[in-house]
Amino acid sequence: MILDGKRAPQLAELMCRQLQNVGTFPEYREIVEAKVEPGRSAPMPMRTTTRSSRTIPTTALDRLGAYSLPCLVNRLTDTRWMPDPRSEPLLGVPAVGDVAYMMLGGKGVPDVLPALAHKKASELRMDDYFLWPSVGDHRQRLQNAVKAWLRSHPDCCPVSPIALKSAPAQARFRMSDSGLGKARTHFSLLRPGMSSDEILKIAGKPDAIDAGVGSPEHYRVNLLGLCSGNHNESLAYIYFVERWREEIARRDPLHDQYVILYFSGGGKFTRMFPTLRTFPPSSHDPRRPGSS
């Protein structure tokens, strides 16, 4: 079954909510620089092929094409901290909005920031892409410029087919409303840096545990992927709120509802990946005292 126009926006919104958890892949990208020409209201792209200092992650958001544009554009003003997803994080500390801008560039949206900053792209340092948006109303101006370009280029960003697994006719498990309320309360108490034992005392026994490639359960549950490797995580717990399939490795975020907790190699809680709207992704900002 191929993802249709009804479910594609749902998947896009779900993936956008998880930008803080995105992994990274080193890639070569065609960089599209927006050049503002006299008499034109929308920037015209100039293309050069190079290794991008704005290396972006490849995820379902890329393949969703135009369906993921609205949620990514909405995230351009998101100032929350997130782990740096670039393969070569040399300069600057990106916020969620900065990563959304990287992903829009990978989808075909031209780089409008140099024109807004009144500089040539060659004059900008890598960290300028994080410093300029952080000043005053610059994020809003960047968002407005991207929206203007998309309005004048409605054919931007083709969709790549995404195959979906057909869901069983009936859920195998569904947590009660009271159980969901208790779970929401318990998970709200979790803080990055807690030990795995502390997490178990608060959240309870998970439905499955993935302790890495060397563990016998790894391929059956498949919780630790490339993103976990980029974050140096070696342990993960999954808690189901609604479960449609017996095979945990074949879980589908559009049907199954769950929370995955990830831990570092030292056994410390690092982040939470929920597919439920009522469970926000965890984010520990090391720049802010007390954020843990």
Side-chain angles (χ1 to χ4, degrees), residues 1-23 59-61 63-64 67-68 70-72 74-75 80 82 96 162-192 194 196 199-200 202-210 217-228 231 233 235-263 269-283:
M1 181 174 63
I2 301 299
L3 190 70
D4 57 29
K6 180 180 180 180
R7 291 181 175 178
Q10 297 174 357
L11 178 59
E13 182 59 34
L14 174 64
M15 292 295 101
C16 276
R17 290 183 65 246
Q18 300 294 346
L19 278 180
Q20 293 163 284
N21 290 319
V22 78
T59 69
L61 287 169
R63 297 177 61 193
L64 283 164
Y67 289 117
S68 60
C71 69
L72 286 172
N74 288 340
R75 293 305 190 284
R80 290 176 298 169
M82 64 172 288
V96 172
I162 297 180
L164 289 179
K165 309 177 186 75
S166 297
Q170 183 174 336
R172 300 184 62 87
F173 166 77
R174 183 177 288 116
M175 187 177 289
S176 66
D177 290 341
S178 60
L180 179 59
K182 291 179 181 178
R184 188 182 297 114
T185 299
H186 292 161
F187 283 108
S188 69
L189 300 175
L190 306 185
R191 296 291 183 271
M194 286 183 170
S196 56
I199 296 296
L200 289 174
I202 297 173
K205 182 180 178 181
D207 292 294
I209 297 175
D210 187 347
E217 293 290 288
H218 173 67
Y219 293 104
R220 186 183 73 83
V221 298
N222 193 25
L223 303 179
L224 295 169
L226 292 173
C227 182
S228 299
H231 290 149
E233 295 161 339
L235 177 67
Y237 299 160
I238 187 169
Y239 297 81
F240 280 97
V241 172
E242 187 171 312
R243 183 173 175 182
W244 289 77
R245 291 177 176 80
E246 177 63 28
E247 303 90 343
I248 295 177
R250 295 187 62 219
R251 62 192 178 277
D252 183 346
L254 287 181
H255 294 109
D256 301 296
Q257 297 187 53
Y258 51 84
V259 177
I260 303 178
L261 306 181
Y262 292 94
F263 299 84
F269 175 50
T270 56
R271 61 189 174 103
M272 177 169 64
F273 184 101
T275 62
L276 297 85
R277 292 181 180 274
T278 53
F279 287 76
S282 61
S283 177

Point to revise | Considering all heavy atoms, the nearest L189-M194 contact | key: O-CE, 3.4 Å
**Study point:** Value rounded to 0.5 Å, distance of CG in L235 from CG in L261
**Key:** 9.5 Å
Check your understanding: Any idea which heavy atoms bring R251 and I238 closest together, and the distance?
Key -> CD-CD1, 3.8 Å
Practice item. Name the orientation class of the two ring planes belonging to F273 and Y258 (parallel below 30°, tilted from 30 to 60°, perpendicular beyond 60°). Key: parallel
Revision key, fill the gap. Contacts of R75 meeting side chain to side chain donor-acceptor pair (under 3.5 Å) (sequence neighbours excluded), chain-then-number -> E13
Point to revise | By side chain to side chain donor-acceptor pair (under 3.5 Å) - contacts of E242 (at least two apart) | key: R174, W244, Q257
Check your understanding: Are the side chain of R220 and the backbone N or O of E217 linked by a donor-acceptor pair below 3.5 Å?
Key -> no
Point to revise | Least distance between heavy atoms, M272 atom then P274 atom | key: O-CD, 3.4 Å
Review point. Is the backbone N or O of L11 less than 3.5 Å from a side-chain atom of Y67, with the two atoms forming a donor-acceptor pair by type?
Key: no
Check your understanding: Do side-chain atoms of D210 reach the backbone of V221 as a donor and acceptor pair under 3.5 angstrom?
Key -> no
Point to revise | Minimum heavy-atom distance between A12 and S68, given as atom pair plus value | key: CB-CA, 3.7 Å
Review point. For the residue pair A249 and Y219, what are the closest heavy atoms and their distance?
Key: CB-O, 3.9 Å
Study note, to complete from the structure: Between V241 and F173, the two heavy atoms sitting closest are O-CE2, 3.7 Å
**Study point:** Y237 vs L223 side-chain heavy atoms within contact, under 4.5 Å
**Key:** no
Practice item. Report yes or no: does D207 contribute a side-chain atom to a donor-acceptor pair with the main-chain N or O of F240 at less than 3.5 Å? Key: yes
